[in-house]
Amino acid sequence: MGKRYVFITRKLPDDVVAPLYDKYDVNMWPHEHLVVPRDVLLQEASRAEALITMLCDRIDEELLQQSPKLRVVANVAVGYDNIDVEAATKRGVIVCNTPDVLTETTADLTFALLLATARRLVEAAEFIKEGKWESWSPLLLAGTDVHHKTIGIVGMGKIGQAVAHRAKGFHMRVLYYNRSRNIEAERTLDATYCSFDALLEQADFVVCLAPLTNETYRLFNREAFMKMKRSAIFINAGRGAVVDEEALYDALINRHIAGAGIDVFAQEPIRSDHPLLQLPNVVALPHIGSATKETRYAMMQLCCRNVIAVLEGKEPYTPVQSQ
C-alpha cells in the first residue's frame with residue numbers, strides 16, 4: 001500500500017511542508033504567484049486524500065464528485081467561501097481554515113488602511129515622488145482626523161474586536177453591527193450595538209469585516225452608500241463581494257462619501273484599469289490583510305497540522321462547521 005497522497009495548490013516554503021513530506025506522498029504546484037489551472041486541480045484532487053488550498057481555488061460539487069479518496073481540505077485563509085462546505089460535509093470531507101492566527105495582523109492592516117485613506121498617505125507619497133511638492137501650503141493634501149471620531153464596524157468577530165481595540169487607542173466611539181450581539185465586545189470595548197442603517201448614518205468610518213454569505217452579498221449597495229455621511233470613509237478588509245463595486249464607484253465620484261480603502265475585490269486580482277483604481281480618494285491594496293511573514297507561516301503550518309491530524313485519524317484543530 002502506497003503513501004497517502006497530498007496535493008498543495010501553491011508553492012509553499014520547504015520548511016513548512018517538511019512534516020508532510022516525512023509522512024506522505026506530496027505534490028506541490030511549483031508556482032507561488034500563478035493559480036493552479038482548473039484541469040490540473042481536478043486531476044490532482046481525483047487521487048488526493050488531502051488538499052491544501054488557497055482562496056482562489058474553487059472546491060465545488062464538480063471537484064468533490066471526482067475525488068472519492070478526499071478526506072480533508074485545509075484552506076490557507078480564515079474565509080472559506082471558495083469551498084462548498086455543505087457538499088464536502090455530505091461526502092465526509094473535513095474542511096479546515098486558519099482562524100485566530102491572523103486576527104491581530106489583519107486588524108493591524110485594517111487600521112493602517114483606515115489611517116492611510118483618512119490622511120491621504122498614498123496620494124501624498126506619490127505627490128512627492130512625482131516632484132509636485134514646490135512649497136508648503138495650509139491645506140496641502142489635507143485629510144481628515146481619525147482621533148475622537150466614530151467608527152462603525154460591520155462584522156464584530158475576532159478581527160472586528162481587534163480593530164475596535166485599536167480604535168479605542170485613538171479615543172474613537174465604537175459602533176458595531178453583527179448577525180448577533182457581541183456582549184463581550186460591549187463589555188470590554190465599550191462598543192455599542194446598533195442597526196445597520198443606524199451605523200451607516202452615524203459612523204465617520206465604516207469598516208466592513210463581514211464574511212461573505214447569502215445575507216451579506218452586496219450588503220453595501222447604492223442605498224447603503226447613500227445613507228452614509230458625505231464626509232464618511234469606507235474601508236473593506238472583509239470580502240470583496242460584500243460590496244457592489246459599481247455602487248461604490250458612483251458614491252465616490254458623486255461625493256456621496258469622501259473616500260474608500262479597499263483590500264479585497266469581487267474579482268481578484270483586479271486589472272490596473274479597474275474604475276476604482278482611477279480615483280485619487282481610493283487606497284487599494286492587493287488582499288494583504290494577513291500578509292506578514294510571521295502570520296502567513298503560522299497559517300500554512302496550521303493547515304499542515306490539520307491535514308496530519310485528519311489523515312492520522314485525529315480531530316482537526318480548526319474545522320469549519322457546515323451551516
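Just so it is clear, the values below take in all heavy atoms, side chains as well, and ignore hydrogens, waters and symmetry mates.
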Checklist entry - Can you check whether R71 reaches I94 side chain to side chain, under 4.5 Å on heavy atoms? => result no
Checklist entry - Is the CD atom of E315 crowded by more than 12 outside heavy atoms at less than 6.0 Å? => result no
Checklist entry - Is any side-chain heavy atom of L113 less than 4.5 Å from a side-chain heavy atom of L285? => result yes
Checklist entry - Hey, are D57 and N82 close enough side-chain-wise for a donor-acceptor pair under 3.5 Å? => result no
Checklist entry - Under a 4.0 Å N-O cut-off, is there an ion pair linking E312 with K314? => result no
Checklist outcome for this item: From the list T9, I8, V76, side chain to side chain contact (heavy atoms under 4.5 Å, CB included) partner of T53 resolves to T9
Item to check | Chi angles and distances behind the side-chain contact (heavy atoms from CB on, under 4.5 Å) call for D84, I59 | outcome: CA-CA 6 Å; D84 188 334; I59 309 301; over 6 Å; no
Checklist entry - Can we call the ring centroids of F220 and F196 under 6.0 Å apart? => result yes
Item to check | Residues R10 and E32 bridged, charged N to O under 4.0 Å | outcome: no
Next on the checklist: Testing Y249, F205, F225 one by one against F234 for a ring-ring contact (aromatic ring centres under 6.0 Å, His included), which residue passes?
Outcome noted: F225
Next on the checklist: Applying salt bridge (Lys or Arg N to Asp or Glu O under 4.0 Å) to K158 and E104, what does each step give before you reach the verdict?
Outcome noted: CA-CA 9 Å; K158 291 182 179 179; E104 297 295 335; over 6 Å; no
Checklist entry - Heavy atoms, side chains only, cut-off 4.5 Å: are K149 and T144 in contact? => result yes
Item to check | Note: E62-R38 ion pair, threshold 4.0 Å (strictly below) | outcome: yes
Checklist entry - So how far is it from D81 CG to R239 CZ, rounded to the nearest 0.5 Å? => result 5.0 Å
Checklist entry - Within a reach of under 6.0 Å around NE2 of H165, are more than 12 heavy atoms found that belong to other residues, nucleotides or ligands? => result no
Next on the checklist: Looking at D204 and K229, is any side-chain nitrogen of the basic one under 4.0 Å from a carboxylate oxygen of the acidic one?
Outcome noted: yes
Checklist entry - Atom OG1 of T213 and atom CD of E215: how far apart are they, to the nearest 0.5 Å? => result 4.5 Å
Item to check | Sidechain N-carboxylate O distance under 4.0 Å for K69, E49 | outcome: no
Checklist entry - What about the rings of Y24 and Y5, do their centers lie closer together than 6.0 Å? => result no
Item to check | Side-chain heavy atoms of R91 within contact of Q65, under 4.5 Å | outcome: yes
Next on the checklist: Once rounded to the nearest 0.5 Å, what's the spacing between atom CG of L114 and atom CD1 of I151?
Outcome noted: 5.5 Å
Next on the checklist: Quick check: do C303 and T98 have side-chain heavy atoms less than 4.5 Å from each other?
Outcome noted: yes
Next on the checklist: What I want to find out is whether R218 reaches E245 closely enough, with some N-O distance under 4.0 Å, to be called a salt bridge.
Outcome noted: no
Checklist entry - If we only count heavy atoms from C-beta on, is the E186 to T192 side-chain gap below 4.5 Å? => result no
Checklist entry - Salt bridge or not for E86 and K90, using N-O below 4.0 Å? => result yes
Checklist entry - Could you go step by step and tell me if Q202 and D197 meet the side-chain contact (heavy atoms from CB on, under 4.5 Å) rule? => result CA-CA 9 Å; Q202 297 179 55; D197 286 351; over 6 Å; no
Next on the checklist: For R222, I'd like to know if atom CZ has over 12 heavy atoms of other residues, nucleotides or ligands within 6.0 Å.
Outcome noted: yes
Next on the checklist: Measuring only between side-chain heavy atoms, which start at C-beta, is T318 closer than 4.5 Å to V101?
Outcome noted: no
Checklist entry - So with a 6.0 Å cut-off around CZ of R230, is the heavy-atom count from everything else above 12? => result yes
Next on the checklist: With heavy-atom distances below 4.5 Å as the criterion, would you say the side chains of I233 and I235 are in contact?
Outcome noted: yes
Checklist entry - Does the separation of the ring centres of H171 and H147 fall below 6.0 angstrom? => result no
Item to check | Derivation of the side-chain contact (heavy atoms from CB on, under 4.5 Å) call for Y297 and T292 | outcome: CA-CA 8 Å; Y297 263 77; T292 66; over 6 Å; no
